[in-house]
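The structure appears below as structure tokens.
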Amino acid sequence: MKFKKSLFAGILAAASASALLASQSAVAQNAWPTKSISLIVPFAAGGPTDSVARLISVPMGQALGQTVVVENVPGAGGTIASTKVARAAPDGYTIYLHHMGMATAQALYDKLPYDPLTSFEYIGQVADVPMVLLGKKSLPANNFKELEAYIKANGSKVTMANAGPGAVSQLCGLLFQSRLGVRLTNVPYKGTGPALTDLLGGQVDLLCDQTTQTIPYIKDGGVKAYGTTTLKRLPAIPNVPTLDEQGFKGFEVKVWHGMYTPKGVPKPILDKLNAALKKSLNSPDVKKRLEDANIDIVSVNKISENGLKTHLDAEINKWGPIIRKANIPD
Ligand code: MLT
């Protein structure tokens, strides 16, 4: 009887302790965020991913009532940052903006310390960014045909910048080389921000980069633009033909972005992050700046857990065979 009584008291104490914990955690989730939030970017500052992150971080912070601080964790084409985020505390204070490298990394690396489809929570898709094949302004080739001839004549003397395996600049550059049947000297950077600086300075010959920062340089002749990776010409640079129309049929690389958190962040926090992301992407300033760079804002149903996860899954299945067929990396 005595034993039964103490067992009952024990069960009661455990139940009230877990009820207390649950209510404390509900209070914490309601109060979140009570401090600044770190938005991890997997490439160097000054590049396209960093720019999109900085653009949306301000209105997101305003919507959440706390500052969203961008933290650049560059290296290994984004996989260092993805690993860091997968291992971070699931408390809502670490969020992550990555592009389609989240889908291509599995086919590019033998082993990843995270699984793109199970190691994260999925806040929503963010924006789709086109790419352009760029050359330094002193390159003698003035159009795509001349570039092909120049590359055939100079082979591996031609240098092409990228942001490492897992970066879209590398994917685009190697798909281009695979179509041409040549292998250039590929030069890795920590992001296409520093790569673009070197292209402008003439230290590297070619770079396949997103339009986020490149349009003003294309317009003022700071770089040569040989073709877009879209199937239609871009309104901001209508004189630049697509690679598709210049003989690279079906050559299309559109860089989609997604926002993630570590696995296990409570649903009420994910919902707040999703609402803040939607609000940010709908702010007139963000819309205008994305449109000026020919960046497509995704439809509202894609700014959701399901929208991002379905797309990620489809992109993993899409890019795996393309990457293997193109023999990337060699
Ligand atoms: C960057 O932000 O530096 C780029 O998105 C890197 C890349 O994937 O090419």
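Atoms within each ligand, like the ligands themselves, are counted from 1 in listed order.
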**Message:** Against ligand 1, does Ala44 come closer than 4.0 Å with any heavy atom?
**Reply:** no
**Request:** Would you check the N or O atoms of Gln210, main chain and side chain alike, for any that come under 3.5 Å of an N or O of ligand 1?
**Result:** yes
**Prompt:** Of all the atoms in ligand 1, which lie at a distance below 4.0 Å from a heavy atom belonging to His99?
**Reply:** 5 (O), 7 (C), 8 (O)
**Enumerated ligand 1 atoms positioned under 4.0 Å from heavy atoms of Ser169** = 7 (C), 8 (O), 9 (O)
**Request:** Could you tell me whether Gly47 and ligand 1 have an N or O pair separated by under 3.5 Å?
**Result:** no
**Item:** side-chain hydrogen bond (donor to acceptor under 3.5 Å, both in side chains) assessment of Asn301 paired with Ser299
**Value:** CA-CA 6 Å; Asn301 61 326; Ser299 58; 2.7 Å; yes
**Request:** Taking only heavy atoms of Ala163 into account, list the atoms of ligand 1 that are under 4.0 Å away from them.
**Result:** 6 (C), 7 (C), 9 (O)
**Prompt:** Donor-acceptor pair, Tyr96 side chain versus Ser82 backbone, under 3.5 Å?
**Reply:** yes
**Item:** Test item: Leu206 and Val158 side chains (from C-beta on) under 4.5 Å apart, heavy atoms
**Value:** yes
**Request:** Indicate yes or no: at least one non-hydrogen side-chain atom of Glu146 is less than 4.5 angstrom from one of Tyr226.
**Result:** no
**Complete:** Quick note on ligand 1: atoms under 4.0 Å from a heavy atom of Gly191 include exactly 3 (O)
**Prompt:** Centres of the Phe248 and Phe144 rings: under 6.0 Å?
**Reply:** yes
**Prompt:** Taking the side chain as C-beta and beyond, is there a heavy-atom pair between Asn294 and Pro235 under 4.5 Å?
**Reply:** yes
**Item:** Residue pair Val187 / Asn162, side-chain heavy-atom distance below 4.5 Å
**Value:** no
**Prompt:** Who's the nearest protein heavy-atom neighbour of atom 3 (O) of ligand 1, and how far?
**Reply:** Thr192 N, 2.7 Å
**Message:** Polar contacts were defined as any N/O atom of the residue lying under 3.5 Å from an N/O atom of the ligand; does this apply to Thr49 and ligand 1?
**Reply:** yes
